[in-house]
Each structure stands twice: as structure tokens, then as C-alpha cells.
There are 2 protein chains.
Amino acid sequence: MDSTESREEYLEAVFKLECGPGGATITRIARELGVQPASVSQMITRLVDSGLLHRDSARGQIGLTDEGRTQAVRVVRRHRLSERFLTDYLGLPWDTVHEEACRLEHALSDAAEESLARRLGHPATCPHGHPIPYEVPVADCGVPSHLADARAGESWSVAFLADESPEFLRYAASCGLAPGVLLVVVDVAPFDGPMTFVIESTRYQIGREAARRVAVTR
Amino acid sequence: MDSTESREEYLEAVFKLECGPGGATITRIARELGVQPASVSQMITRLVDSGLLHRDSARGQIGLTDEGRTQAVRVVRRHRLSERFLTDYLGLPWDTVHEEACRLEHALSDAAEESLARRLGHPATCPHGHPIPYEVPVADCGVPSHLADARAGESWSVAFLADESPEFLRYAASCGLAPGVLLVVVDVAPFDGPMTFVIESTRYQIGREAARRVAVTR
DNA sequence: TGTCGTTGTTAGGTGTTCCTAACAAACTGG
DNA sequence: CCAGTTTGTTAGGAACACCTAACAACGACA
């Protein structure tokens, strides 16, 4: 069962998309990985042949098999642990660690992963708020709410930032948005317009597109 | 100037062999990397075309250009820093960290390397005794002596272990051999026979083949 | 109903890195 | 000097992961 970096990237992408709205499809995976749909189509075929993925003929959904999920979870855990390591131990800025973790996640051995988790105190989430899975989740497919769907008067807590690009993360930070932060929605402009909210008595305003990339919980 | 993992491996191999006895040749590089000479021949051509290596027509020696040396040193530094990190911070055994460092060395960014060096206190050597270069060495090609060449009555200090396989490192440790250890050669059997030496008043005996993999200084 | 846009597949091709096999060139020992 | 080993090269091919281009299948909507 040879597991190259590329194959791991695909499993990770499916894992992340599977639980989101719309699930994992060829086009979505292609967008996530920055490759052409044709390449994804081909690779998915190979991963299905290896028994790591299955095609849900209904709606063209791609899903993980048990074996695939086990491998995907391991990669995701290493990715998020690596991000924690980069911010907490090395002191690197949170908006830049994603890319580097994408490389580290393929380089860590079982033993290193275990020691790293212990040294970091088994952190529950990555710096962007995504949970670090310590075992294969049975079905954590609770689709999180997005800030974009909130209504005026509601109060929410930021769960995680769904876009990990440095540009977005910097923008989010400048708006007071970080995992765990409590906010109260003050105003939601119509026609997909900007949202106004308050964090620690400071007012912020962001566009709906950005708000769609902020996952929140009650 | 695209620098893939494979190209970095080749540069690293040339760097390590260049300063050893016999220098870097196609066959030696092939042995170091565990690939066929034909593959090396081909890759060297490409690296020469990229301006990272040059062929010394005399004796078929392969050498690094300034640009190649800069890149090679960076990879070597990351490799050895990674090994230190794995042993000192994660507490992994010294005989197993080499392989993992071979992957980490390609995954670290400039910023991560710098932070890592600082957090580890700018260690001078890797756990096996090889120096960690913090800048491009001008010409550190002092060929080290090997324990195999020592004579009875001489005393030497272990510089580094030239073979980083877990099997050899475990064997070396069981013979008291580690970087910095002082030993006195008691007996050298003829016909490439075993050597007897004393470390902290304990007698050890190893074969000449193993002794060739132990670099020593006065 | 027909047309358009989205989605996925297939075919064919590229670059990278490895392989084996065959060969050339150079050193080595009798 | 010649046979045999060592050393390096070339040719041809395979696997992997990507690409573009062309096409098929499907839903949405006038």
C-alpha cells in the first residue's frame, strides 16, 4: 500500500470536503488542490482501485473508505500538530504556517508525531481553530454554521477560519476574528451585503464573502 | 532554479563525499543514494546544466559550484538541525533519526530553520558528531582520520560516526563509541584484523570494517 | 423543447526520476 | 601486452503526476 505525498494530499482534501456543504466532488477537490479536474478524475480512479476511496454513484460524491479515513485522519492530525508546533514552539506567525505544515505532514513518522503531541500538550485545535483528531472520528459531520448566515442580534463564537491563506488570515485578525472569540452580530446588510458585529465592544464590518469563510458555533 | 527533493539529495551527497577520501564520483554517489550509476550519470548532467555542479575532467571527480555549495550547505544544515531537534526536543533515539531527517530537510522553510536553530541553542554538531554549518564553509576539506588507521598506543577522540544506519549506530553505542568520547588503542590485529581499545577503563574490540566508519581526531 | 453551462471522462502528451542492458574507456595484474 | 575488472555512458523504457483538448452527460431555464 504505497502512500506518496500526492495520494496523501488527495485523501486530506476529501476528508476536509466530505464534511463541508456539498461534500467532496471532482471539481471541489481540484479547486482545493489547485490542479485540473482531469488530473483529479484520474487520481481518484487510482485511489478507488487502492481501496482508499469510493465513488457514491449518486451525485458523483467521493467518500473515504475505512482504510482511507484512517490514513486521511493521520495526515490531518500531522498537519494541524505541525501548525501548532510552528506557532507555539518556533513562534512563526499563524498566517504563514499552513503552507509549511503541508510539507511537514508528509515528513513526520509515527514516533515523531506522538512525541510532538506530547511535547505540545496534546492541543485540541490548530492555530486556526480546526480540531486535531487523536483518533478516527466516527461521524463528526456536523456542518458548522458560517458567520455569513448569522442574523442581527445573534451572538456566536468563532470556531475556525475555513480559508487558511495568509491574505485571509491577516484580514481576519485585523477584524478581531480568531478561534474562540465571541461576537455579537449588529447588522446584516441585504443583497449579500456587509455584516457588522461587535467583539469586546469594538465594531467591525466585513463583506459577506469573507464571512462565508468564518465558521461559528453558538 | 527549481530545486526538487531529488536534486537536493544529490547536492547533499556530493557535499558529503567531496571532503572524504576519493571525493565524489558517479559510483560513490550512486552507493550513497542507493540508486544505479546510470541514473546518477543522467542527473549529474542535469545539475551541471543548472550550474550547480561541475565535472572535473581529471579523474571523473564531481564538484559543487558556488551556487551548488550554497544550496548543499543549506540542506545539510537542515538535516543536522532536524536530527538535533528529533533527539533533543522529541527525545527520539539517536540511531533512528537520520532517516526522518532526510525527509524533514526538504520540508523546512528559511524562517523555520532559523527559529529551530535558535530554540535548540545553535548546536555545533548533529547527534552523530557531524558539524552543523551555519555559513558556507570556505574549504573545510580536512580529511579526518579513521579509527581503522590508528595504531596501538595512540589515543584519539571520536569525531563522528560516518555510517548513520540504525544497525551501525546501535553497534557503535554498544562499544562505547559516541562523538567526543576519548579512547586509547590497545591492540591492532594484523591482516585487517580487529582493533582493541579502551574507553573509560573499559576494553572494547571491533572489526576493521566497523572501525573504518568511525572518524577520529587527536 | 432546445440550448447553455456545469461536471466529469477519455485520449494523448510532458517532465521528472528511476530502471536495465549494452557498450566504451580506462586502469590492473600476470 | 593482453585479459579482466572497474567506471561511466547511452539507449530505451516504466511509473507517477500533472497538463490540454475534446467530448459526453446532465440539470436549469427561457
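Each chain gets a letter, A, B and so on, in the order the sequences are listed, and its residues count up from 1. For the numbers below, each heavy atom of this structure counts, side chains included, while hydrogens, waters and symmetry mates do not.
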* Could you state the CD1-P distance from I29(A) to dT6(C), rounded to the nearest angstrom? -> 19 Å
Nucleotide N/O to protein N/O under 3.5 Å, stretch nucleotides 23-26 of chain D:
none

* Asked: Below 6.0 angstrom between ring centroids: does that apply to H79(B) and H98(B)?
  -> yes
* Asked: Do F160(B) and H128(B) have their ring centres less than 6.0 Å from each other?
  -> no
Can you give me every donor-acceptor pair (side chain of residues 40-47 of chain B, partner residue at least two apart or in another chain, under 3.5 Å) with its distance?
{"from": "T45(B)", "atom 1": "OG1", "to": "S41(B)", "atom 2": "O", "distance (Å)": "2.9"}

* Under 4.0 Å between a Lys/Arg side-chain N and an Asp/Glu carboxylate O for R151(A) and D187(A)? -> no
* **Cation-pi geometry met for R69(B) and F15(B) (6.0 Å, 45°)** => no
* Does R119(B) make a cation-pi contact with Y89(B) (under 6.0 Å, within 45 degrees of the axis)? -> no
* Quick one, give me the B/S/- string for nucleotides 6-21 of chain D, reading 5' to 3', where B means a protein heavy atom under 4.0 Å from the base and S means that only happens at the primed atoms, P, OP1 or OP2. => -SSBB-----SBBBBB
* Judged by modelled atom types alone, do R103(A) and S109(B) share a side-chain donor-acceptor pair under 3.5 Å? -> no
* To do: Measure the acute angle between the ring planes of Y134(B) and H122(B), then classify it against the limits of 30° and 60° as parallel, tilted or perpendicular.
  => perpendicular
